[in-house]
Trainee: 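Quick one: this structure, given as structure tokens, is what I'll be asking you about.
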Amino acid sequence: MASKKYLNAPFYPYLTLPISLYILEPFSNDKEHTMTDTNDKLLKLRHSTAHVMAEAVLQIFPEAKIAIGPAIENGFYYDFDLPRSLKPEDLEEIEKRMQEIMKAKLDFVKKVVTKDQALEIFKNQPYKLELINELPETEEISTYTQGEFTDLCRGPHVENTRDLNFKAFKLLNVAGAYWRGDEKRPMLQRIYGTAWDNPKDLRAHLDWLKEVEKRDHRRLGKELDLFSLHEEAGPGLVYWHPKGARVRHEIEKFWKNEHYKNGYELLYTPHVGKSWLWETSGHLDFYAEGMYPEMIMDKANYYAKPMNCPFHIMIYKNSMRSYRDLPFRWAELGTVYRYEKSGTLHGLMRVRGFTQDDAHIFCTPDQMESEIIEVLRFSLFFLKSFGFEKIQAYLSTRPEKAVGDPALWKAAEESLKKAIESEKLEYDIDEGGGAFYGPKIDLKIKDAIGRSWQLSTIQFDFNEPERFGMTFVDTDGKEKRPYMIHRALLGSIERFFGVYLEHCAGAFPVWCAPVQVALIPVAEAFNDYAREIETKLKAMDVRVWADLSDDRMNQKIRKAQNEKIPYMLVLGEKEAESKAISLRPRQGEQKNLIPFDDFTQFLMEKITNKDLL
RNA sequence: GCCAGGAUAGCUCAGGGGUAGAGCAGCUCACUCGUAAUGAGCAGGUCGUGCGUUCAAAUCGCAUUCCUGGCUCCA
């Protein structure tokens, strides 16, 4: 059931499987192209284009069964049950016929019909019949007809096919899709297309798609030699190459330092544990199919951990805890393993082994509110450190089936809301959208090309403290239940790395770039000077690469540029004489003959401030 | 998991029933050159894996693994 659409969902710390909305809003700077601005005009136009496509498909396959064909973000689709599977060439034929239909200037004619009439009209269309029969009695049933094609549809539509610009749409791809998204129902063929008001907008959207492809983290990961995956060694398991590991190390170093600075302690816990843990936590009941299968050893069943929380709870329960000890803020870069269906694996975005930037906060009821506010502030600090300024919060509240006292839920929800408001974040409330064990806040960021990704999640848990019988001794000498909050800021390191890689298109800021400075001697005669500079920079912990190959200077620059190394230092006779360098930044203007000390000062500032360039 | 497409040298890709091809990368040699590709040469795959059809398979068929695009967006 999961799909690529869910790639922007984070890895939840606890029991739920990731479910999330996919928001794709290209051209964040260009209102014309965003869905928010999508006036009915574009919606109508796209939906009408879907109808035109259905007509074209029926011309080719008169026996085709049609399902549904809505407008979606940037375009539309239509699902068909066809006698054979479509080939890419079919799309061209369909497109051609669609253009003919548009040029024919056909009216879209609406007709209100009775249920019986509708059943008669669509008697050969089983999917439509199913829809008709499920319509509420009160609902007006209408059909829209253009040319030879009539569809069950509530509209609205454009008036005439001439309102559709036959040069402003394009069919993109064919895909399988279950009827009504249900894997037990028949698999239909879905044709996706994109449609716009004018050819210029279409062009812009196609360019955007190209940009998405160019930034694909799988492509960049290969080009920049950052990581790899190996089917023969296990799908969905990531191998970090030296350069990728360097970036990851820098990110993790930053993460750890900031946690210590912000009142957290770090933990390390095992990767496997006996079934008792997962029976107690409830994972084996609710989540078994998401776990790697058991390993049997010394007559006990062990599981690779899909979550870190039970381990942190073990540490909590290791001794008596007093209200004086709380809150505990325990963080761990914990690598977990989950069985993700083979069809859902995708580069670094969806994998089977990944590292959560996890933490659990155990606190008293009194502390809950300030802890939540603090966690949210800390999340925002991290996201902003990486240059994500546009942040949207989503608050999910108590679902019908839930554990825990409703009053506790209410209080938790209130404190979550207060935290969001104190940070003045935009937010949406998903009523009843919380997990069964507690309400949560999710944070979504928007990347450089306008796509939304969910990264942080802050979740209450009324379940595990109960199941594990966690307690603390309160001021009155009585044992009470602590509050437990799960939170991940970046989500998982792997996925965050993928998102960030796409966000910056491979051009990491200097502080975490795998190579920070490239040295480019103009000719062999200046290799010595390059070595001298290299030694000095290395002594300052700068990651430097001296290109002493016998390539020509132009070639060296090209290589460094393609590797997206932030700074290139060109070194020749003039530089060597005056102990200077010529600076060619990966972006921006070059500056010649800068005193070396000036450069290092500039560089160190960039690095320590984590400048994003 | 399901539907469709794909898997050919490290990378990007061409070819297609008669025993494999390009560019880049790599290696060697020459060149020592001021801001995005110096030139020449060499080496490198049995065409994802298995089984089958055939005189003959990378090319056809079946199976399998992995990859890619999709699989709630309610007429």
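Order of the sequence lines fixes the chain letters, A, B, ..., with proteins taken first and strands second; residue numbering starts at 1 for each chain. Since the model is a prediction, treat every value here as computed from it, not as a measurement.
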Trainee: Among rA37(B), rG70(B), rC11(B), which is the nearest nucleotide to the side chain of Arg558(A)?
Mentor: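 Of the options given, the side chain of Arg558(A) lies nearest rA37(B).
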Trainee: Base, sugar-phosphate, or nothing for Arg218(A), non-hydrogen atoms under 4.0 angstrom?
Mentor: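 Result for Arg218(A) = sugar-phosphate.
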Trainee: Please enumerate all residues that pass side chain to side chain contact (heavy atoms under 4.5 Å, CB included) together with Lys210(A), with sequence neighbours excluded.
Mentor: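 Testing Lys210(A) for side chain to side chain contact (heavy atoms under 4.5 Å, CB included), a comparison that skips the adjacent residues, returns Arg203(A), Asp207(A).
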Trainee: What nitrogen or oxygen pairs link the protein and nucleotides 40-51 of chain B at under 3.5 Å?
Mentor:
none

Trainee: When you measure from every atom of RNA chain B, which of residues 131-140 of chain A have a heavy atom less than 4.0 Å away?
Mentor: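 Only Leu131(A), Leu135(A), Glu139(A), Glu140(A) qualify.
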Trainee: For Arg584(A) and rA36(B), is the shortest distance between a side-chain N/O and OP1 or OP2 below 4.0 Å?
Mentor: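 For rA36(B), OP1/OP2 do have a side-chain N/O of Arg584(A) under 4.0 Å.
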Trainee: In whole angstrom, give me the gap between the C1' atoms of rA57(B) and rG23(B).
Mentor: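 Result for the C1' pair: 28 Å, nearest Å.
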Trainee: Once you round it to whole Å, what is the distance between P of rU68(B) and OH of Tyr192(A)?
Mentor: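 Answer to the nearest Å: 17 Å.
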Trainee: Can you list the residues that meet the ring-ring contact (aromatic ring centres under 6.0 Å, His included) rule with Tyr427(A), with sequence neighbours excluded?
Mentor: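 Not a single residue meets the ring-ring contact (aromatic ring centres under 6.0 Å, His included) criterion with Tyr427(A).
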Trainee: Can you check the Ile557(A) CD1 to rA36(B) P distance for me, whole Å?
Mentor: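 Distance check: Ile557(A) CD1 to rA36(B) P gives 6 Å.
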Trainee: Does a side-chain N-to-carboxylate-O contact under 4.0 Å join Arg350(A) and Glu340(A)?
Mentor: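 Answer for the salt bridge query: yes.
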Trainee: Looking at every heavy atom in both Tyr292(A) and Tyr303(A), which two are closest together, and how far apart are they?
Mentor: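 That would be O-CD2, 3.5 Å.
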Trainee: Given atom NZ of Lys184(A) and atom P of rC3(B), what is their separation to the nearest angstrom?
Mentor: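 Computing the Lys184(A):NZ to rC3(B):P distance gives 16 Å.
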Trainee: Take the protein atom CG of Leu229(A) and the nucleotide atom C1' of rA7(B), then report the distance between them rounded to whole Å.
Mentor: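 My rounded result for the distance is 16 Å.
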Trainee: For nucleotides rU8(B) and rC47(B), find the distance between their C1' atoms and express it as a whole number of Å.
Mentor: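 It comes out at 4 Å once rounded to the nearest Å.
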Trainee: Is it true that Arg584(A) and Glu589(A) have a side-chain N and a carboxylate O under 4.0 angstrom from each other?
Mentor: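 Salt bridge flag = no for Glu589(A) with Arg584(A).
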Trainee: If the cut-off is 4.0 Å, is Tyr77(A) near the phosphate of rG69(B), judged by side-chain N/O to OP1 or OP2?
Mentor: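 Indeed not, no polar side-chain atom of Tyr77(A) lies that close.
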Trainee: Anything under 3.5 Å between a donor and an acceptor, one on a side chain of residues 127-134 of chain A, the other on a protein residue two or more places apart or in another chain? List them.
Mentor:
residue: Tyr127(A); atom: OH; partner: Asp81(A); partner atom: OD2; Å: 2.6
residue: Lys128(A); atom: NZ; partner: Ala67(A); partner atom: O; Å: 2.7
residue: Lys128(A); atom: NZ; partner: Tyr78(A); partner atom: OH; Å: 3.3
residue: Lys128(A); atom: NZ; partner: Asp151(A); partner atom: OD1; Å: 2.8
residue: Glu130(A); atom: OE1; partner: Trp179(A); partner atom: NE1; Å: 3.1
residue: Glu130(A); atom: OE1; partner: Arg185(A); partner atom: NH2; Å: 2.8
residue: Glu130(A); atom: OE2; partner: Trp179(A); partner atom: NE1; Å: 3.4
residue: Glu130(A); atom: OE2; partner: Arg185(A); partner atom: NH1; Å: 3.2
residue: Glu130(A); atom: OE2; partner: Arg185(A); partner atom: NH2; Å: 3.2
residue: Asn133(A); atom: ND2; partner: Leu129(A); partner atom: O; Å: 3.1
residue: Glu134(A); atom: OE1; partner: Arg180(A); partner atom: NH1; Å: 2.6
residue: Glu134(A); atom: OE1; partner: Arg180(A); partner atom: NH2; Å: 3.4
residue: Glu134(A); atom: OE2; partner: Arg180(A); partner atom: NH1; Å: 3.2

Trainee: Ignoring hydrogens and angles, state whether a donor on the side chain of Thr457(A) or Asp442(A) is under 3.5 Å from an acceptor on the partner side chain.
Mentor: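 Distance-only check passes for Thr457(A) and Asp442(A).
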Trainee: Look at the rings of Phe149(A) and His51(A) and say which category their plane angle falls in: under 30° parallel, 30 to 60° tilted, over 60° perpendicular.
Mentor: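 Plane angle over 60°, so perpendicular.
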Trainee: At under 4.0 Å, does any side-chain N or O of His346(A) touch on OP1 or OP2 of rG69(B)?
Mentor: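 For rG69(B), OP1 or OP2 has a side-chain N or O of His346(A) closer than 4.0 Å.
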Trainee: Using the C1' atom as the reference point in each nucleotide, state the distance between rA58(B) and rG34(B) in Å, no decimals.
Mentor: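 So the two C1' atoms sit 49 Å from each other.
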Trainee: Along nucleotides 27-34 of chain B, 5' to 3', which nucleotides get a B, which get an S, and which get a -, given that the test is a protein heavy-atom distance under 4.0 Å?
Mentor: ----BBBB
Trainee: Rounding to an integer number of Å, can you tell me how far Tyr127(A) OH sits from rC74(B) P?
Mentor: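 To the nearest whole Å, that distance equals 18 Å.
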Trainee: Rounded to the Å, how far apart are Glu223(A) CD and rC11(B) P?
Mentor: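 These atoms are roughly 13 Å apart.
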Trainee: Please determine, for the side chain of Pro235(A), which listed nucleotide (rG70(B), rG1(B), rC67(B)) has the closest atom?
Mentor: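 The closest nucleotide is rC67(B).
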Trainee: The side chain of Tyr339(A) lies closest to which of these nucleotides: rC74(B), rU35(B), rG1(B)?
Mentor: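 My answer, after comparing the listed nucleotides, is rG1(B).
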Trainee: Quote, to the nearest angstrom, the P distance that separates rC11(B) from rG70(B).
Mentor: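 Between the two P atoms, the distance is 24 Å.
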Trainee: With sequence neighbours excluded, what pairs up with Asn124(A) under the side chain to side chain contact (heavy atoms under 4.5 Å, CB included) test?
Mentor: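 Asn124(A) satisfies side chain to side chain contact (heavy atoms under 4.5 Å, CB included) with no residue once adjacent residues are dropped.
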Trainee: Mapping Leu188(A) and Lys222(A) to their closest nucleotides on RNA chain B, which lands nearer the 5' end?
Mentor: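 The residue closer to the strand's 5' end, by nearest nucleotide, is Leu188(A).
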Trainee: Does Arg552(A) have any salt bridge (Lys or Arg N to Asp or Glu O under 4.0 Å) partners at least two apart in sequence or in another chain, and if so, which?
Mentor: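 For Arg552(A), no residue satisfies salt bridge (Lys or Arg N to Asp or Glu O under 4.0 Å) once neighbours in sequence are set aside.
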Trainee: Does Lys111(A) make a cation-pi contact with Tyr144(A) (under 6.0 Å, within 45 degrees of the axis)?
Mentor: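 No cation-pi geometry.
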Trainee: Checking Tyr339(A) now: which residues fulfil ring-ring contact (aromatic ring centres under 6.0 Å, His included) with it, not counting sequence neighbours?
Mentor: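 With neighbours one apart ignored, the set is empty.
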Trainee: Nearest whole angstrom, please: distance from the P of rG5(B) to the CD1 of Ile191(A).
Mentor: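 Value for this atom pair: 14 Å.
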Trainee: State which residues pass salt bridge (Lys or Arg N to Asp or Glu O under 4.0 Å) with Glu431(A); sequence neighbours excluded, sorted by chain then number.
Mentor: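 Salt bridge (Lys or Arg N to Asp or Glu O under 4.0 Å) list for Glu431(A), sorted by chain: empty.
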Trainee: Across the strands shown, which category fits Gln555(A) at heavy-atom distances under 4.0 angstrom: base, sugar-phosphate, nothing?
Mentor: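 Touches sugar-phosphate only.
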Trainee: Fill in the dot-bracket string of RNA chain B, one character per base: . for unpaired, | for a pair to another strand, ( ) or [ ] for pairs within the strand, taking Watson-Crick or G-U pairs under 3.5 Å.
Mentor: (((((((..((((....[..)))).(((((.......))))).....(((((..]....))))))))))))....
Trainee: Spell out, as yes or no, whether a donor-acceptor pair under 3.5 Å connects the side chain of Glu502(A) to the backbone of His217(A).
Mentor: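 Side chain of Glu502(A) to backbone of His217(A): a pair is present.
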Trainee: Please give, in whole Å, the distance from rC67(B) C1' to His230(A) NE2?
Mentor: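 Value for this atom pair: 14 Å.
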Trainee: Does Val510(A) have any side chain to side chain contact (heavy atoms under 4.5 Å, CB included) partners at least two apart in sequence or in another chain, and if so, which?
Mentor: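 Gln516(A), Pro566(A), Tyr567(A), Leu603(A), Lys606(A), Ile607(A), Leu613(A).
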Trainee: Considering heavy-atom distances to RNA chain B, does Leu583(A) or Met187(A) have its closest nucleotide positioned more toward the 5' end?
Mentor: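 Final value for this comparison: Met187(A).
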Trainee: For the residue pair Ser228(A) / His230(A), report whether a side-chain donor-acceptor contact shorter than 3.5 Å exists.
Mentor: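 The answer is yes; a qualifying pair exists.
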Trainee: If you take atom types as modelled and just measure distance, does the side chain of Tyr178(A) reach the base of rG70(B) with a donor-acceptor pair under 3.5 Å?
Mentor: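 Checked by distance alone, the answer is no.
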